[in-house]
Protein chains: 2
Amino acid sequence: MLKEERHQAILSQVELHNRVLLTDIAEKLDVSIDTARRDVKELDQENKLRKVHGGAISLGFTTSSTRNTNIYALPQKITIAEKAATLLKNDAVIFIDGGTTCMEFARIIPLHLKLTCFTMSLPVAMELTTKPKVDVIFIGGKISKESQIAIGANATHALSEIKVDYGFIGTGYVDASDGLTDFDWDVVQVKKAIMKASKKTILLCISKKLNSRHRYKTCDMTAVDTMITELSPDDDQLKLFRNNNVHLI
Amino acid sequence: MLKEERHQAILSQVELHNRVLLTDIAEKLDVSIDTARRDVKELDQENKLRKVHGGAISLGFTTSSTRNTNIYALPQKITIAEKAATLLKNDAVIFIDGGTTCMEFARIIPLHLKLTCFTMSLPVAMELTTKPKVDVIFIGGKISKESQIAIGANATHALSEIKVDYGFIGTGYVDASDGLTDFDWDVVQVKKAIMKASKKTILLCISKKLNSRHRYKTCDMTAVDTMITELSPDDDQLKLFRNNNVHLI
DNA sequence: TATTATAATGCAATTTACTGCAATTAAAAC
DNA sequence: GTTTTAATTGCAGTAAATTGCATTATAATA
């Protein structure tokens, strides 16, 4: 393997996970630790990453105030994810839906927290594998290419056999009177099943989606126990939601 | 062979694989290393590629878009993946195991190919969502953090209910007499289930793993229908495998 | 503090690069 | 067709780069 290829491989790993261990480089690229260290050292000198004890981290990781340099992660979603994370307690059993907001939530879960997480979102599951104390269980099924979640009879059936404390879900569209709606029928079916499997349903939703609706209905607002948005609780837009016994954060 | 022809051959190689080794050029084009080096040097000066120690890489290789498609792929694994891909036909129903070699295989599947793919590897499933004509079905279960595949009773049970034409599997260790072995018991159980669900088992395995073994056994070599490595079929190491009715590519 | 893990350094073995040169080949000139 | 000329190629010797290992130093962690 050419040195240049190794360098690219290391950079891609850093780009993807924001960090990389020297031992991982050595093993996966089939070189000695020394070579891995030298590679990282050179990349550091070229200002492509930052070398730290035991590995390397991406340049933006430490400096930028916004946590992860995911271009899709809007700051509001991080705010929501941070609020949602405050609900988590050790040994909780939760479900995490797909979508970028839930993805942000998964990303923000503290490393020391012991959890059991169900999900049928591929990216969320991938992210959760980086959390040492989180048990991850994936609900299988046919994979929807757009949303990268498992759908179909298999998925809904598997969901019918579990019960979790909290179901953290997202939605495509939400409205105080029309409830949660989506444009994909299969996705709606799965979301229904998630809510049935959850003792409490927590909706993560950026304010942009408030007051919008689409073809297929997941549920009424009354079925949602808690809704988390980035707006302050006394925002005008939220008044309508208070009538549905929805707890707002 | 004319110099210009060589230059074209080198460029097409670089275009295809993003890289080329001087030793490969020398061997395949039947010239000395020196000539190969001189050719690459000229192409570099013409800005057709970038010369690096030991070979050359394509100019676009460093852009992050191509980088993401080349995470941690050893060149040998690409060779194996390419060979494996030749077995695929339209409308085939296959299973793809986890591991970097199988990942490379998933990556190389042509976009025009219509397939149904089962997998219980998160990265493989993610990759497959980029193939428009491939139906992806994920076998759910508890996710193993090291290997990022679904394991456990759920996974093996789900596997017991399907039947695929080809099962493309990897293994941690392989030996002609001891067969396929691994260090993780759960993983071995899943691999067994995969083989049971496959009409034909195709083992993708880099030569480095040949003649190695570990604690838990998946199966004997006789259970493998085809083994694909990057070695030439008359390599000495492979002689031992011929005795097991294993088809080598 | 003790213990472990990681880093830095020097060194030897290997691989690759460069240089000059002679032999060969292809093209040009006669 | 023959000779001349220039380009190309392979080889040998040397220089440089790369790599892995051993050793010592340093940093992290309990």
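Each chain gets a letter, A, B and so on, in the order the sequences are listed, and its residues count up from 1. The structure presented is a predicted model; accordingly, all values stated were derived computationally and were not measured.
Distance, B/Glu5 CD to D/dT9 C1': 16 Å, rounded to whole Å. Distance, A/Asp24 CG to C/dA5 C1': 15 Å, rounded to whole Å. With rounding to whole Å, B/Arg6 atom CZ is found 12 Å from D/dA7 atom C1'. What separates CG of B/Leu22 from P of D/dT18 is a distance of 14 Å, to the nearest Å. Summarising the geometry, the separation between CG on A/Asp44 and C1' on C/dA7 is reported as 14 Å, rounded to the nearest angstrom. Rounded to an integer number of Å, the gap from CD of B/Gln45 to P of C/dC18 is 10 Å. Rounded to whole Å, atom P of D/dT8 lies 16 Å from atom CG of B/Leu29. C/dA17 atom C1' lies 9 Å from atom CG of B/Asp34, rounded to whole Å.
Between A/Arg107 and A/Glu127, at least one side-chain nitrogen of the basic residue sits less than 4.0 Å from a carboxylate oxygen of the acidic one, meeting the salt-bridge criterion. Salt-bridge annotation for B/Arg50 and B/Asp44: absent, with no side-chain N of the basic residue lying under 4.0 Å from a carboxylate O of the acidic one. One finds a salt bridge joining B/Lys3 and B/Glu42 here, because a Lys/Arg side-chain nitrogen approaches an Asp/Glu carboxylate oxygen to under 4.0 Å.
Side-chain to base pairing of B/Arg37 with D/dG10: no donor and acceptor N or O lie closer than 3.5 Å to each other.
When heavy atoms are screened at a 4.0 angstrom cut-off, B/Ile33 is found touching no nucleic acid atom at all. Across all strands, B/Val40 comes closer than 4.0 Å to no nucleic acid atom at all (heavy-atom distances).
Comparing D/dT9, C/dT19, D/dG20 against the side chain of A/Val31 picks out D/dG20 as the nearest.
When the side-chain nitrogen and oxygen atoms of B/Lys3 are compared with OP1 and OP2 of D/dA7, none of them lie within a distance under 4.0 Å. Taking only side-chain nitrogens and oxygens, A/Ser32 never comes nearer than 4.0 Å to OP1 or OP2 of D/dT19. Proximity of B/Lys51 to the phosphate of C/dA17: a side-chain N or O atom is located under 4.0 Å from OP1 or OP2.
Among B/Arg213, B/Lys217, B/His214, the single residue meeting the side-chain hydrogen bond (donor to acceptor under 3.5 Å, both in side chains) criterion with B/Asp178 is B/Arg213.
In terms of position on DNA chain C, the residue among B/Leu2 and B/Gly54 whose nearest nucleotide sits closer to the 5' end is B/Gly54. Nearest-nucleotide mapping onto DNA chain D: of B/His53 and B/Arg38, the residue sitting toward the 5' end is B/Arg38.
Ring geometry, A/Phe138 versus B/Phe138: the interplanar angle falls from 30° to 60°, so the pair is classed tilted.
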